[in-house]
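Accompanying notes for the structure given below.
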Amino acid sequence: MLEAAKHLLIPSKRSNVPPFIVMDVMAAAAQLEAQGRRVVHMEVGQPAAPAPATALHAAQAALVHGRLGYTEALGIPSLRARIARHYADSYDLALDPARVVVTTGSSGGFILAFLALFEAGDRVALANPGYPPYRHILSALGCEPVLIETSADTRWAVTAKSLIAAHRSRPLQGVLIASPANPTGTMMDADALARLIAVAEAEGIKVISDEIYHGLDYAFAAETAANVSEQAMVINSFSKYYCMTGWRIGWMVVPDALVRPIERLQQNLAISVPTIAQIAAEAAFDGRAEMEAVKHGYEENRRILTQGLPKAGLDQFLPVDGAFYLYANIARFSDDSLDFAKRMLNEAGVAATPGIDFDPIDGRHFLRFCYAGSAAEMHEAVERIGNWLNSAPR
Ligand SMILES: Cc1ncc(COP(=O)(O)O)c(C=O)c1O
């Protein structure tokens, strides 16, 4: 190879995004299991249950039928109409199906939303702690993620006040909110959501609402940003409530003016979303009774952890409002959540994700537990953590 050609292989600056540390915990857990050790998995944020039977049957039938071609870039019309009906059923909102865009998971939705809303160099506010790909996708697209610190006083969410303070110090072009949130599992109530959106819009700050954990709310019902403003960009997914992570299918509710630009982006970036996943997703809406049973399982898991962990020694955690996460403060035991997570895995056989994945500022004091497994696993985790914290000198 020509010496000069080697320079061509230097990765672009924009591709230099940090890794997802939870993947390292998964790899370490898999190594222990290969050695015959038992591990309770609470590190990965995905349901243990399969997609609803209705979705599986629809996909099987589509395979038997044979041909799976491209679909319309914005999604199969009947699926878009079915998603719009979901807003009438769940949020009492009459939504025009023309504003619904089908995406490859909410992950595909973020790329479309950020490209449609922002120029390179735009500044977008995010809650800290938060889901790491928000900031990594923004950076890869040349935008600047601006982390806004949250605290117990504001239920760990960006507020109208903290947004304005950040905007006054240097102007923002966007804000991304999530309720229920990952990793905290906390939620914004309808008033907090409405106040934030009103202030953002008055200041010309575009709002994106990640509603991927809607349906998994235990403390109070989650409100959609689509009910607050027609200008808000809503992102959702079949991954969590419908247990369809691997199907890679989600949707957006888009302001009228952005439908066509997003259609053009989707045509060029993806052509269309996998057809079999769209067919399965439409049928998934008929499987809600099955998914409600799965949700009741999470509620039971939440009860086991919120009652059991304090007795085991982990007695400080954020309000466990929704999603399937419990975010525990481990500052009493360690200043290094990565080391704590590694030791808890090796010595207690419980895998959880260190907070540094979600919070570059104070994540060393936190661990995220995913409680999407079985009740038996939750009991086992509580017992193992209790024995470990009470036996080892720390
Ligand atoms: C808050 C949040 N948003 C988005 C995603 C991406 O999900 P998907 O692309 O599977 O819809 C996740 C996945 O864990 C998440 O936790």
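This one's a predicted model, so the numbers in the text were calculated from it and none came from an experiment. Counting starts at 1 for both ligands and their atoms, in listed order.
You'll find the ring centres of Phe369 and Tyr327 outside the 6.0 Å limit. Ring centroid separation for the pair Phe366 and Phe358 does not come in under the 6.0 Å cut-off.
Within 4.0 Å of ligand 1, protein heavy atoms come from Gly105, Ser106, Ser107, Phe110, Tyr131, Tyr134, Asn182, Asp210, Ile212, Tyr213, Ser237, Ser239, Lys240, Arg248.
Ring-plane geometry between His86 and Phe285 is classed as tilted, the angle between the planes lying from 30 to 60 degrees on a 0 to 90 degree scale.
The side-chain hydrogen bond (donor to acceptor under 3.5 Å, both in side chains) test applied to Thr184 returns Thr186, not counting sequence neighbours.
Taking 4.0 Å as the cut-off between side-chain N and carboxylate O, Asp122 and Lys206 do not count as a salt-bridged pair.
We find the CG-CZ distance between Asn128 and Arg135 to be 7.0 Å, quoted to the nearest 0.5 Å.
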